[in-house]
Amino acid sequence: MAVVLAAAGCGAVGRVTQGDPAHGKELFLASTPKGSCAACHTLADAKSQGTIGPNLDDAFSSSKEQGFSEQTMADIVRGQIAYPEPPMPANIYRGQDARDVALYVAKCAGNPSCGVTAETSKPAPTAPTAPTTTAAGGSTTKPAGPDGKAVFAKAGCGGCHTLKAAGSSGNVGPNLDQLKPAEDTVEHQVEVGGGAMPAFKGQLSAAEIKAVAAFVADNAGK
Ligand code: HEC
Ligand code: HEC
């Protein structure tokens with residue numbers, strides 16, 4: 001898909017003069033009440049596989065071949081964040097956050113060896129607690145099962161679904177509070193996907209899928 005260059009640098013949102021691509025990567029992956037870039041877009045460097053929006057590696061590799069500068073590409077992405085077409089929500093990020101994401105995409109689209117590592121200074125609020133086990137005897141931390149709410153956030157379910165208990169308002173897929181699906185319906189849907197929804201088998205562990213299914217079934221409509 002060709003990037004529409006006319007959108008670049010029109011000035012309404014200002015030029016992307018500086019930013020922090022590591023913070024941008026973190027934001028690209030994060031889920032927000034308005035959705036998650038990663039849930040809708042494939043970008044190899046971010047290991048995201050969303051298919052609702054265009055593949056960003058493909059969208060920008062031809063621009064790179066044609067010699068567009070990183071600056072120009074960042075301005076295009078910044079414009080896109082402010083003025084997208086549905087179903088991409090407008091202004092998922094604003095201000096410096098939006099500039100950081102734009103710089104990250106400009107640097108890393110079509111270039112998975114761009115070397116940008118997401119900031120880890122503060123633990124991502126959505127990261128599930130990895131089970132920790134200690135082989136040696138003595139103090140072993142009992143592995144906690146995955147937290148369904150955290151899985152819901154990490155997997156970007158909220159970018160597409162409204163669920164009050166998760167604070168999400170996505171509207172690409174059905175409103176889960178209204179649908180009130182049974183646990184095994186959720187489990188099956190998350191495993192295999194269907195319609196415009198991606199399958200999560202392989203991305204989420206069986207335990208995470210069970211946890212998110214229980215979380216949705218227990219909280220939908222509440
Ligand atoms: C709900 C799904 C969804 C979310 C969330 C989303 N996008 Fe999009 N995006 C789309 C769709 C669909 C298009 C194509 C329509 C358009 O061009 O406006 C698109 C287009 C784009 C384009 C233009 C690509 C091209 O080929 O011209 C860029 C760049 C982009 N998105 C970046 C982002 C970034 C960065 C984020 C996070 C801040 C994001 N998107 C969040 C669905 C989404
Ligand atoms: C990129 C958007 C997107 C994401 C991300 C997404 N879904 Fe969906 N989901 C949809 C769409 C679209 C449908 C409707 C599919 C259809 O009509 O067949 C759907 C359907 C569903 C259904 C209804 C199934 C049924 O049989 O009625 C459930 C439950 C569900 N999703 C849960 C989830 C959960 C949990 C997650 C996160 C692990 C998730 N979804 C992630 C878009 C998404």
Side-chain angles (χ1 to χ4, degrees), residues 1-8 24-25 27-43 46 48-63 73-94 97-106 108-109 148-149 151-163 166 168 170-176 178-201 203-204 208-217 219-220:
M1 181 172 309
V3 171
V4 183
L5 286 162
K25 182 170 183 174
L27 296 175
F28 186 91
L29 290 164
S31 86
T32 79
K34 286 191 177 176
S36 144
C37 316
C40 288
H41 290 285
T42 292
L43 182 64
S48 71
Q49 299 174 334
T51 54
I52 303 283
N55 176 316
L56 296 178
D57 294 315
D58 295 349
F60 286 94
S61 52
S62 67
S63 316
M73 292 193 288
D75 288 336
I76 294 170
V77 180
R78 179 67 189 92
Q80 174 73 25
I81 293 172
Y83 308 110
E85 278 167 38
M88 177 163 157
N91 295 311
I92 292 181
Y93 295 115
R94 295 175 185 268
D97 281 351
R99 290 193 280 278
D100 290 350
V101 176
L103 260 192
Y104 166 64
V105 174
C108 295
K149 187 172 181 180
V151 176
F152 192 92
K154 168 184 101 155
C157 315
C160 293
H161 292 285
T162 293
L163 182 64
S168 74
N171 58 12
V172 176
N175 178 321
L176 297 174
Q178 284 163 11
L179 191 68
K180 296 197 191 67
E183 188 171 330
D184 50 359
T185 307
V186 187
E187 193 175 331
H188 182 253
Q189 177 74 16
V190 173
E191 270 178 2
V192 304
M197 177 164 152
F200 287 86
K201 201 173 183 170
Q203 283 186 53
L204 297 177
E208 286 174 320
I209 292 176
K210 277 204 173 357
V212 77
F215 168 71
V216 172
N219 291 286

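Reckoned from all heavy atoms, side chains included, excluding hydrogens, waters and symmetry mates. Order of appearance sets the numbers: ligands from 1, and atoms from 1 within every ligand.
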State plainly whether the residues Lys154 and Glu208 are in salt-bridge range, i.e. N to O under 4.0 Å. yes

Are the side chains of Tyr104 and Leu43 in touch, meaning some heavy atoms are under 4.5 Å apart? yes

State, with a plain yes or no, whether a side-chain heavy atom of Asn91 is found less than 4.5 Å away from one of Arg94. yes

Please report which non-hydrogen protein atom sits nearest to atom 22 (C) of ligand 2, along with the residue it belongs to and the distance in Å to one decimal place. Gln189 CG, 3.5 Å

Donor-acceptor pair, Lys180 side chain versus Ala217 backbone, under 3.5 Å? no

Which atoms of ligand 1 are found less than 4.0 Å from any heavy atom of Ala59? 26 (O)

Specify the closest pair of heavy atoms between Leu204 and Ala155, including all atoms of both residues, with the distance to one decimal. CD1-CB, 4.1 Å

A student checking ligand 2 against Val172 at a 4.0 Å heavy-atom cut-off should list atoms 12 (C)

Do you know the tightest heavy-atom contact between Ala213 and Glu187? CB-N, 3.7 Å

One finds that the ligand 1 atoms under 4.0 Å from a non-hydrogen atom of Val101 are 35 (C)

Would you confirm whether Ser36, through its side chain, and Ala38, through its main-chain N or O, come within 3.5 Å as a donor-acceptor pair? yes

Atoms in ligand 2 with a heavy atom of Gly156 nearer than 4.0 Å: 5 (C)

What's the shortest distance from atom 35 (C) of ligand 2 to any protein heavy atom, and which residue and atom give it? Val190 CG2, 3.4 Å

N/O to N/O below 3.5 Å, does that happen between Lys34 and ligand 1? no

Is there a side-chain contact between Met88 and His41, using heavy atoms and a 4.5 Å cut-off? yes

Closest heavy-atom pair and its distance - Phe215, Asn219: O-ND2, 2.7 Å

Is there a donor-acceptor pair closer than 3.5 Å between any side-chain N or O of Ser31 and the backbone N or O of Ala153? yes

Compare Gly53, Pro84, Ala90 and give the one whose heavy atom is closest to atom 11 (C) of ligand 1. Gly53

Closer than 2.8 Å to atom 8 (Fe) of ligand 2, do we get an N, O or S atom from His161, backbone or side chain? yes

Between the CZ atom in Arg99 and the CG atom in Leu27, the distance rounded to the nearest 0.5 Å is 12.5 Å

For atom 27 (O) of ligand 2, state which one of Val151, Thr51, Leu179 supplies the nearest heavy atom. Leu179

Please report the shortest heavy-atom distance between Pro174 and His161, naming the atom on each side. O-ND1, 2.7 Å

In ligand 2, the atoms that come under 4.0 Å of a heavy atom of Ile52 are 1 (C)

Residue Phe60 vicinity, atoms of ligand 1 by number, heavy atom under 4.0 Å: 29 (C)

How far is atom 2 (C) of ligand 2 from its nearest protein heavy atom, and which residue and atom name does that atom have? Cys160 SG, 1.9 Å

To atom 15 (C) of ligand 1, the nearest of Arg78, Glu85, His41, Met88 on a heavy-atom basis is Glu85

Looking at non-hydrogen atoms alone, which of Gly35, Ala109, Ala106, Cys37 comes nearest to atom 37 (C) of ligand 1? Cys37

Could you check atom 25 (C) of ligand 2 against the protein and tell me its nearest heavy-atom contact, residue, atom and distance included? Thr185 CG2, 3.8 Å

Check: of Gly173, Pro174, Pro87, Gly195, min heavy-atom distance to atom 14 (C) of ligand 2 comes from Pro174

Grab the two heavy atoms, one from Pro87 and one from Val172, that are nearest each other, plus how far apart they are. CB-CG2, 4.5 Å

The atoms of ligand 1 lying under 4.0 Å from a heavy atom of Leu56, numbered in the order shown, are 28 (C), 29 (C), 30 (C)

Between Cys157 and ligand 2, which part of the residue brings a heavy atom under 4.0 Å of the ligand: side chain, backbone, both or neither? both

Closest protein heavy atom to atom 39 (C) of ligand 2, given as residue, atom name and distance to 0.1 Å: Met197 CE, 3.3 Å

Atom indices of ligand 1, in the order listed, that fall short of 4.0 Å to a heavy atom of Ser36: 5 (C)

